[in-house]
Trainee: 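Have a look at the structure that comes next, please.
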Amino acid sequence: MSLTHYDKEMIRLADSIAEQAHAGQVDKIGRPYITHVRRVAFRLRSLTREYPHLTDKLPMLYIVALLHDTVEDTPVTLPYLARLFAAPMIDAIDALTRREGENYESYLQRVASNELAVWVKRADIADNTDPERLAHLNEETREALLAKYEYALAYLNEAAPTHESLLEKIRIPA
């Protein structure tokens with residue numbers, strides 16, 4: 001699928017918002033945070049080769065991936081994003097945004113209720129459990145993150161099951 005000019009411009013807008021919003025933030029291994037959301041978007045692109053039914057949703061998946069941590073981790077708000085992006089994307093970003101004081105299972109229930117959010121969260125988990133990235137963390141942090149994401153992936157796989165080969169692609173490293 002070739003992206004339309006409009007799709008490309010909206011993806012650029014999402015990337016620009018994310019880049020500005022996450023400016024100065026770093027991830028757990030000290031790299032610019034914007035690289036995380038971009039890698040999540042890139043992972044989704046590779047999935048569409050195996051899951052052609054996602055091809056039509058690719059522009060929305062890119063945008064949601066780029067903005068998936070923006071509302072939770074920056075001053076950017078859902079009402080602001082809603083002025084720029086369509087409701088399905090805002091609903092997915094909202095589903096991916098943890099609420100203050102919210103338990104993890106409630107958060108995962110909300111993610112599981114939104115198809116776009118499920119795909120982005122699976123790609124997010126794959127990036128967060130990438131062995132190359134985990135190797136930079138101390139053992140305690142690495143084990144805590146693996147346990148958290150193993151639980152999340154198991155929950156999503158039960159609540160929103162998908163093709164088995166996808167699960168192989170985003171398996172949590174041993």
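For this chain, numbers begin at 1 and follow the sequence in order. The structure displayed is predicted, hence computed values, not measured ones. Only this structure's heavy atoms are used, side chains among them; waters, hydrogens and symmetry mates stay out.
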Trainee: About how many Å separate OG1 of T55 and CG of L61, when rounded to the nearest 0.5 Å?
Mentor: 10.0 Å
Trainee: Indicate whether any N or O donor in one side chain lies under 3.5 Å from an N or O acceptor in the other, for S16 and R12.
Mentor: no
Trainee: I want to check something: taking the side chain as every heavy atom from C-beta on, are Y33 and V26 in contact at a cut-off of under 4.5 Å?
Mentor: no
Trainee: Closer than 4.0 angstrom, basic N to acidic O: yes or no for D27 and R133?
Mentor: yes
Trainee: Ignoring hydrogens and geometry beyond distance, is a side-chain donor-acceptor pair present between N138 and T141 at under 3.5 Å?
Mentor: yes
Trainee: Taking all non-hydrogen atoms of both residues into account, name the closest pair between L66 and A14 and its distance.
Mentor: CD1-CB, 4.1 Å
Trainee: To the nearest 0.5 Å, what is the distance between CE on M10 and NE2 on H5?
Mentor: 11.5 Å
Trainee: Kindly give the heavy-atom pair with the smallest separation between V37 and A65, and that separation in Å.
Mentor: CB-O, 3.7 Å
Trainee: With side chains defined as the heavy atoms from C-beta onward, is the minimum distance between K57 and W119 less than 4.5 Å?
Mentor: no
Trainee: Got a second to check how far F85's CZ is from L13's CG, nearest 0.5 Å?
Mentor: 4.0 Å
Trainee: Just by modelled atom types, is the L146 backbone N or O under 3.5 Å from a matching donor or acceptor in the R142 side chain?
Mentor: no
Trainee: Can you tell if the side chain of D69 reaches within under 4.5 Å of the side chain of T74, non-hydrogen atoms only?
Mentor: no
Trainee: Between D127 and F42, is any pair of side-chain heavy atoms under 4.5 Å apart?
Mentor: no
Trainee: Checking the side chain of Y107 only, and the main-chain atoms of L96 only, is there a donor and an acceptor separated by less than 3.5 Å?
Mentor: yes
Trainee: Between E115 and R122, is the closest basic N to carboxylate O distance under 4.0 Å?
Mentor: no
Trainee: Distance-only, no hydrogens or angles: does the S113 side chain make a donor-acceptor pair with backbone N or O of R110 under 3.5 Å?
Mentor: yes
Trainee: Any chance you could measure D124, atom CG, to R39, atom CZ, to the nearest 0.5 Å?
Mentor: 10.0 Å
Trainee: If we only count heavy atoms from C-beta on, is the M60 to P88 side-chain gap below 4.5 Å?
Mentor: yes
Trainee: Taking L153's backbone N and O only, do any of them form a donor-acceptor pair with N157's side chain (distance below 3.5 Å, no angle check)?
Mentor: yes
Trainee: Testing I93, N114, V64, V111 for side-chain contact (heavy atoms from CB on, under 4.5 Å) with V120, which one passes?
Mentor: V64
Trainee: The test is salt bridge (Lys or Arg N to Asp or Glu O under 4.0 Å); show your working for R31 and E132 and say whether it passes.
Mentor: CA-CA 13 Å; R31 294 185 181 152; E132 187 260 314; 3.3 Å; yes
Trainee: Measure across N103 and S106 and return the closest heavy-atom pair with its distance rounded to 0.1 Å.
Mentor: OD1-N, 2.7 Å
Trainee: Strictly distance-based, threshold 3.5 Å: is any side-chain N or O of Q25 a donor or acceptor partner for the main-chain N or O of D73?
Mentor: yes
Trainee: Does OH in Y80 sit with more than 12 non-hydrogen atoms of other residues, nucleotides or ligands closer than 6.0 Å?
Mentor: no
Trainee: For V118 and A112, which heavy atoms make the closest approach, and how far apart are they?
Mentor: CG2-CA, 3.6 Å
Trainee: Measure the CG-CD distance between D15 and E19 for me, rounded to the nearest 0.5 Å.
Mentor: 6.0 Å
Trainee: Would you mind reporting whether L67 and M89 have side-chain heavy atoms less than 4.5 Å apart?
Mentor: no
Trainee: I want to check something: taking the side chain as every heavy atom from C-beta on, are V71 and L81 in contact at a cut-off of under 4.5 Å?
Mentor: yes
Trainee: Give a yes or no on whether a salt bridge exists between E72 and R99, defined as a side-chain N under 4.0 angstrom from a carboxylate O.
Mentor: no
Trainee: Is any NZ, NE, NH1 or NH2 atom of the basic residue among R43 and D130 found under 4.0 Å from an Asp or Glu carboxylate oxygen of the other?
Mentor: yes
Trainee: Does a side-chain heavy-atom distance below 4.5 Å link I11 with I63?
Mentor: yes
Trainee: Between H68 and H36, how do the two ring planes meet: parallel, tilted or perpendicular, split at 30° and 60°?
Mentor: perpendicular
Trainee: Do we see a donor-acceptor contact under 3.5 Å between the side chains of D7 and Y62?
Mentor: no
